[in-house]
Structures are given as C-alpha cells and as structure tokens.
Amino acid sequence: MYGVAWFGILGPLEVTAAGRLLRVSGRSQRELLAVLLLRANRLVSIDLLIESAWPHAPPASARRQVQNAVGRLRITLTGGGLPGDLIETRPGGYLLRAMADELDMLAFERHVEESRRASAGQQWDKAVARLRAALALWRGQPLPDLDNDLVVAEARRLQERRVEVLEECLDLELRLGRHHQVAGELAALAEEHPLRERVCALLMLALYRDGRTAEALRAYQRTRQESVSELGLEPGPELRRLEQAILTGDDSLKPEPAVLSPVRPRQLPPDISDFIGREGVAEELHGLFREGGAGNAVTVVSIAGQAGVGKTTLAVHVAHRLTGRFPDGQLYVNLQAYPMAPVDVLARFLRALSLPEADLPRGLEERAEEYRSRLADRRVLVVLDNAVDEAQVRPLIPGGPGCGVLVTSRRRLAGLPGARLTELEVLSVDQAVNLLARILGRERVTAEPRAARRLARLCGGLPLALRIAGARLLTQDWPLERLVDAMADERGRLDELSYSDLEVRASLALSHRGLSEQAQRLLRLLAHLYAPDVAAWTCAALLDLEVAEVRPLIAELVEAQLLAVSGTRYHLHDLVRLYAKESGTQDPAPAVARALGGWLALAERAHIVLSGGDFATLHGTAPRWTPAVRERGAAIAEDPLAWYDTERVNLVMAVRQAADAGLDELCWDLVASSYTLFLTRAHNDDWEETLRCALAATRTGGNRRGTAVMLMGLGLLGAYRHQYAEAVAVLEESVDTFRDLGETRGLVYALGVAAHVDGMLGRYEQAVVRHEDALRAHRARGDRGAEILLLRSLGQLLVEIGAFDRALPYLEQALEAGRAGDPRILAEVFYWLGQLRLGCGEIDGAEAAFKEMLGISEELRDPREEAEARYGLGLVRLETGALGAAIGLLREALELNRPLGEPLTDGRIRVALGMVHHRRGEARQAIDQLSTAISIFAGLDTPLWQARACRALSEVHGDAVAARRLRERARDLFLQVGSPEAEHVHL
C-alpha cells in the first residue's frame, strides 16, 4: 500500500514501515533481503540463495538454513507493520512483491521509461524532469555495507546504470541549450569517470557552447592522456572528430534546432508557383543574406515600394529560398493585418519560440530582452511585413548575428541602423506580360500580344492588379481585348497612371463589379471586421444567412482573388480591405453586431463545455447570433480549447471592436464568457487586455453592472497573479457597486473572490465570514456551480489554518456535488481533502485523495494539477519516511510547475524539499531550498506560508542565534494572521 512500505537499495539498505525506519539486524538477513529486492517480482531460487550465501562450500544444511532465514526475515518485516504476504513461497524459491512506489530501484526505472515516452512525443522538458526525478532517488553507492558477491555485482550494475541515465539526462539538457547549467556537473562526472568518452564528449560540447573553447580542448587532452596511460589506446573516432570540429568551429556543434524548440516556427505564408519578373532582385536579396551583417551585427534587409507592387510576394519567395541558411525557423507577422504594437508582436513570437504563456514578461523592454536571449544562439529569419515605421521594427530585431530580418514597408526605412535598402519598382511591360502568361497560359497571351501589352500598361506593372485582372479573365473566360476595352471605357486615364493607388483601385473595381450583389455586400462587410481571419459562420452572420447559403458567395470571392483561403479560414488582403470599405455606403453596424454576437455565443458554449456548466459567470442582455453554435457547437463539444486556440486572436479583436462600436453590454459579456478559456491556457495578458478594454467601455457607457463584473474579473486575475493589493482595490469597488445595484448574484460572486484574497493575505476570520455569507446566498439562489467553488474555497481556507474538523464537511459536500461538474474543480477538492487527511495523520486517506487527483490531472493533461498532485504524494512520502521517493516526486512537481510560473506552488514544494534534505542530513541543500521559499513568499505577501518556511528553516539552521530569530519571525507572522500554529513555535 502506498506510504506503508518503502525499500531503498540505491544507497545503504533502507526499510520504512508506516513512516518508521525498520531495523533489519544481522548480516545474513540484510544480505537475504538485498538479494530479494534486487530481483523484486521475480522468483529467486533456493539454489541461488545458497550460492549467494556460501559461494564456495555450502554446508549440508544450507537449504534448511535458507528457509529458516526467510522465516526470520518475515517475522522482522511483519513485526514492523509490513504485510505478511510480502515474501511469497513458490515452488523452488521465493518472490518478494513490490510496486514501483515501494522500491526505489523500480521507481527509478519507471521514471526512465516515462522519460523515454516523453522524448518520443518530443516533450523534452518533461523527459528531463522524469530523469532528474529518477536520479534524485539515489542516496549514494548501492548497498555499500554488504560484500556478498552477488550483491556486489548487482550493485556495480546499478551504479553503471545510474551513470548511463545521468549521461542521457545531461545529453538531453545540452540539446535543450542548458550548456551553462550542466557544465559543472559534467566536469565533476568526468573527474569521477576519466575514461568514459561519452562523458568527455558531453563536457567538451557544454564548454564549447558556453564559449570556453580552450577548456573544451583541455578536457579532450586529459581524457586522451588517461586513455593512453591506462589502456594504451587513443580515444575513439567520435571523440577525435569532436575535437576537430571544435578546432574548426563547425556549425554542427550548435544546439540541435529540433530539440531547442519542440516545434520550430515555420510561419511563412506559402510561396507562389508563378513567381516571375523579380528574379534579379530576388538573387540580389539572397546574396545580401549570404554575405551577412558587418561583424557581429544581425543582417537586416528592407524592401520598400508602393502598395500592390509585390513586396510581400518577393519577401516570402526570398524567405523560402533562405530556409537552409536559417534552419532554426522563420517568424512572420503582417504588421498591418490588424493593429500590432511591438509588445504584442513580441508576445506572439515568444510563444512561437516555446515560451510558456505564464512566463511572458509584461513590458516591451522585458519582452525584447527575452526575445533576444532566445534567438542569441539560433539561426532564425524574421519577416516583418507591411511595417509602418522604424519605431515599430526596432524592438523586433534580434541581437545575434546568426539571425536575419527581412522587412517590407511602403516607406523607405532609412532610420534602421545597418539596414540594406531595396526599392522595388513596378514590373516592366515584358515582365508583366510574362506574369500574365503564367496566370493565363502562354497560348492565350501569344494569341493576343497587343492586348496583353496594353493590359500590362493599364495595370501599371503592379503585380496585384495583374493577378486580379488575370483572375477576372480566367473566371469569365473573356478574350484579353474585351477586358482592355472595358478598362479603357470605364477609366479613360488608366493607361496613363503608373504608380498611384488608383491603378489597384481600378483593377479591384473591375473584379468587384463582376461579383453578384450579395458577394459584393459580403466583401464590404468583411472589410469592417477587426478579425484578421474568419470562418464560414462569420460570413453567414454578416449576411444573416445559413452557412450553406453563404458558401457559394465565399467561393465567388475566392475565385476572384478578393478573398484568400487557408484551410477553413478566410482573410482579406489589406488593399482589398481598404478598397472594400470605400465601395459601399450601407451602415455595417448591424452586421458587425451579429458577427460579434456569434463570437459571444461560441465563447459562452466553450466556457460551458470546459467547465461542465455555466458556473460562477454573469451574463448580459446583448443578443447572441445562435446559428454559429449550430455550425460550430459539435467541434466545441469535442475540444473547446482547440476551438479557442483557433479563435483566440479574434476574441480579443471582437472585444476591441465591440468597445469601439459602443456595444458595451456585448463587450463585457464576451469577456465574462471567455475568462475560463484565458485562464485555462494561462493567457493572462489577453485576459487583462480584454478586461481593461471592456471596463473602459462600460464606464464610458454608464453600464454599472458590466463595470462591476469587469472589476471582479480584474480582482480574480490579480489573485491568480498573486497581486493581492491590486485585487483588493478593484474587488472593493465591485462589491460596493453590486450592493448599490441590488445585484445579489454578482455580489456573492465578488464576495467569494474577495474572501479568497482575504485568505491569501492572512485575514482568515474575515475570509471565513465572507465565504459563509456568500455560500448561504448561493444556496438560496440554487447556483450549484458557484456553490461547489465556494465549498472548495472555504474548505481550502479552513485546511490552511488547521481547522480540519470545520473544513471536512465543506470538502465532502464539494466532492459529492462536484463529481458531475468541472473535473478541474474536482481535482482541487481531492487535493485539499488530501491535505486535510495528511494534517489529521490519516496517511492512507491522503494517499487515496492525491492519487485520485493525479488520475484526473493526467487524463486532462493538465500540468498545473499534476504538479500539485505529485507535490501532495511527495508530502505523503515525507511523512512516511520514504525520503528517496519523496525527493523524486517533489523534484518532478517542481519541474512540472517551472514552465507554469506559479510562485506559490513553487515555494510550497521548496519547503517540502527543504525538509526532505534536512531529514537526509543534507543541510546545505535544505537551507538553500527553504531560503528560496522564504523569498518567494515574502514577494507574494503570504504571511502564513512565510511563517511556515521560517519555522522550517529554524529547525535546519546550524546557527542558534539565527534559528531563534527565525522562530520569532515565524511566531509573529502566525499571530498576525491568527493561526493556531503560533502555539507550536517554541522560543
């Protein structure tokens, strides 16, 4: 049973039974137990046991003596509280049964297997975390006090296995770019194993990547001298090749891109098959990147030219040609697709470079620093399309010379330091005719050469105009002369215009007028949406039609090359968008409101599916466009987060557009309906942006209810970010506003959030009163979902302050009510039940609760909940004295939490790790972990956990004066928050 038995052989023999260290006396019993453990879950024959005990001349009574020894060992183990059937008698021998969470050797191998599964799925960080958890189980040399030949041989095998796994772990960490962090560990390992060539190779690579080339070469020479001296052999060919590669600065020694970033960014739009007329300038641009920048400067190339001249097409074509030169990926953004500030672009790029959302810095400077750091050792091409000015571009330029930047703009960006400027001219008549031939077919153009040249001139040599004209000719199957005549008749001066936007506008007008009336209307309405791309349902909402009715209109726009398609998504070229906006006078507001209402309906549906109900959410009276749910409801039901990932940018833009349109009721409701999506993905920046945008809209519109809901949202966000002072201010205004409005439901929601914040700030009595008031109000209203949240939160609060008897009924009610609700809330209930059982000394109950939580978190693939569950199980192991298992679980929890950036969880895990190290006699590690935890809690202003960490450090600290000061500080903090734990701090 978990937490009852723990056997340790990865170090001195250790047996723990029900939390107490069990002494196994006598050399023969210890050797017998060691052999059975080394072959756990396998039959160990009596003959092998005899050979093990008497390798040379076994006595005649050897069989009987082995049987008696096994009997005595059983008595020792059962007397210590272990199950009587632990050692089974089988025909011919014995079998000791043990699970992976009962024997450190099995736990070690389980972690290694899980690591390899994670590696197979390219989950590199998780793979390293599993290997580090495996290695943490080791307490020293296996079974050092036993000199039995079989045990010694098996111990040697285990020691070799540990080094192999450590090499595997360090290799993975090197691939992840952690050369600086592992160089010291590799140096110590090389000192311990001077003839292991793989260790030497890893050390050389780490030092070289860390800029310590001379040290890397000295490491090679040390291993070579050792090999020649001890074995009379030169190092193997791989190590010799590595030395040569370091000497020549071989690029292949850089971190492998496939591991540095599990998914290398490949954001370029597709290249075009009929690229023509720009071969010379494309070759020139390619050459600029081959030459590279001056010294250590990044190569920056800027393409300038008027609208429609083909800047984007050229840039994308050149970028695709440069894929080999920039193997670590390509980042792309259209800076005019919708309002894009550099701080937002950096967030987008950092996500593409595998930075977790929770780790995103908040400010422009911090994001720029993180961006430059992530690209410092990589070769990535950054394509910035349609830049407005130099100020927009500068923060997006990487710092490393291995990267390149390709910028397009309608302006000459002469203010970019070191940039190579290229002015893109219109196509010559011959080049334009060749492009038409590619579009229409050579035969068709050569059949009307005069008309082709006239058409090229009328289009002004602009590729966009030529492509639109070509598409028109393809779809209508007109002769070229007819289009030329039509253009000349309609615009008598078109053949005289060369560069102005009128050329593009005229070409667009021709295509536009060839559309059906409904397709024209759809194009105009699409142009008024802020969303960068849309699904078919959005088009249907704009026209208030069924999706099936709107698909032919979409196809009509796509065929006319007025609407671009990518999979099931559609977007307008920015020039087409500008033209379409100008082309009609009809008020787009009702259509836009329908589309926004569609996003509202879908966000609400995704929230309900994700949460298991419409819990703890207030809604407004803005109309929903419900056909969107009929169209996308099934996909949302299958995977609401996949839908959200696709529509995330559109949700943010919809909030902005609703605010700008004065639709304050729709605006705040859309934010309220989306908060679980933002929260689940830890997209806190988006959540904050939409909250503040909607708050401004509701204040401007005098919408006090919406204002109160958005203030409550900001309070909840502040609580998640542990910014409690900010949360208190907005929650007080929210509570007061709800109370003034007589909005009972909103009031109790806000009180619930405020109660949680009170608890985190140590205002426990106030927090309990607020929780209980809110709970009574929710029950009166029959809001079951909110009731579950409050029951869990109140139970958590009471567990935190040690009021276990009061907490238990609330958590049991939450458990009963929550089984049919949001599984994440259910997982949290199990977590606090586990903490309660642990606090009451009910180890088995705690184990069961944490295991339930772990099962839910693994099914949800939720690293946040999994980290908490493994932390809880680590506490169980700590409580039972299974310290090897405890440290493995806790380090695994720490690694899982690292990319989430959850400081409170990080601090709690470190407190537990500190106590494990203390009990293992590792004072320095214990002090380091506990000191770090105190700093974390002080930064979060959480006095209860700060007090616990201070008390723990006082038990560890070797300085009596410092220890007393820590106890005094802990007692004062406990008293400050009214915790009964103050009574247990003895000065």
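We're numbering straight along the sequence, starting at 1.
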Would you say that more than 12 heavy atoms from the other residues, nucleotides or ligands in this model lie under 6.0 Å from the CZ of R605, or not? no
Listed partners of Y675 passing side-chain hydrogen bond (donor to acceptor under 3.5 Å, both in side chains), at least two apart: none
If you take all heavy atoms of L346 and L364, which pair is closest and at what distance? CD1-CD1, 3.6 Å
Please lay out, stage by stage, how E284 and R278 fare under the test salt bridge (charged side-chain N to carboxylate O under 4.0 Å, His left out). CA-CA 10 Å; E284 179 185 339; R278 306 293 193 191; over 6 Å; no
Is D906 reaching over with its side chain to a backbone N or O of N897, donor-acceptor style, under 3.5 angstrom? no
Results of ring-ring contact (aromatic ring centres under 6.0 Å, His included) for H683 - residues two or more places apart only: Y644
Would you check if the side chain of D389 reaches a backbone N or O of Q392 as a donor-acceptor pair within less than 3.5 Å? yes
Between R721 and E726, is there a salt bridge with N-O shorter than 4.0 Å? no
L572 to L562 - nearest heavy-atom pair and separation: CD2-O, 3.3 Å
So, N334 versus D385: side-chain donor-acceptor pair below 3.5 Å or not? no
Indicate yes or no for a side-chain donor-acceptor contact from R594 to the backbone of A541 under 3.5 Å, with no hydrogens or angles considered. yes
Side-chain donor/acceptor of R374 to backbone N/O of L353, under 3.5 Å: yes
Do the side chain of N650 and the main chain of A531 share a donor and acceptor less than 3.5 angstrom apart? no
Do L285 and L314 come within less than 4.5 Å of each other through their side chains, counting heavy atoms only? yes
For the residue pair V281 and L424, establish whether any side-chain heavy-atom pair is separated by less than 4.5 Å. yes
Quick one: do D533 and R569 make a salt bridge, cutoff under 4.0 Å? yes
Less than 4.5 Å apart, side chain to side chain, heavy atoms only: is that true for D686 and V649? no
Pair L695, T707 - check side chain to side chain contact (heavy atoms under 4.5 Å, CB included), show working. CA-CA 6 Å; L695 179 62; T707 295; 3.7 Å; yes
Where the side chain of S734 meets the backbone of V730, is there a donor-acceptor pair that is under 3.5 Å apart? no
Strictly by modelled atom types, are D664 and T698 linked by a side-chain donor-acceptor pair under 3.5 Å? no
4.5 Å side-chain heavy-atom contact, V301 and V318: no
So, S673 side chain and L670 main chain: donor-acceptor pair closer than 3.5 Å or not? no
Check S409 against V388 and note the closest heavy-atom contact, atom names and distance. OG-O, 4.3 Å
Do T323 and L381 make a side-chain contact, defined as non-hydrogen atoms from C-beta onward lying under 4.5 Å apart? no
Pairing of R394 and E390 as salt bridge, 4.0 angstrom limit: no
Scanning both residues in full, the closest heavy-atom pair of Y570 with A536 reads CE1-N, 4.2 Å
Polar side-chain atom of R325 near backbone of F289 as donor-acceptor pair, under 3.5 Å: yes
Counting N and O atoms only, with roles assigned by atom type, does the side chain of R624 sit under 3.5 Å from a partner on the main chain of A622, one being a donor and the other an acceptor? yes
Shortest non-hydrogen contact from N386 to L335? O-CB, 3.7 Å
Report, as yes or no, whether the 6.0 Å neighbourhood of atom CZ on R379 holds more than 12 heavy atoms from other residues, nucleotides or ligands. yes
Show every ring-ring contact (aromatic ring centres under 6.0 Å, His included) that has at least one partner inside residues 702-723, sequence neighbours left out. H722-Y724
Note: M710 and W668 closest approach over all heavy atoms is CE-O, 3.4 Å
Any sub-3.5 Å donor-acceptor pair from Q657's side-chain atoms to H528's backbone N or O? yes
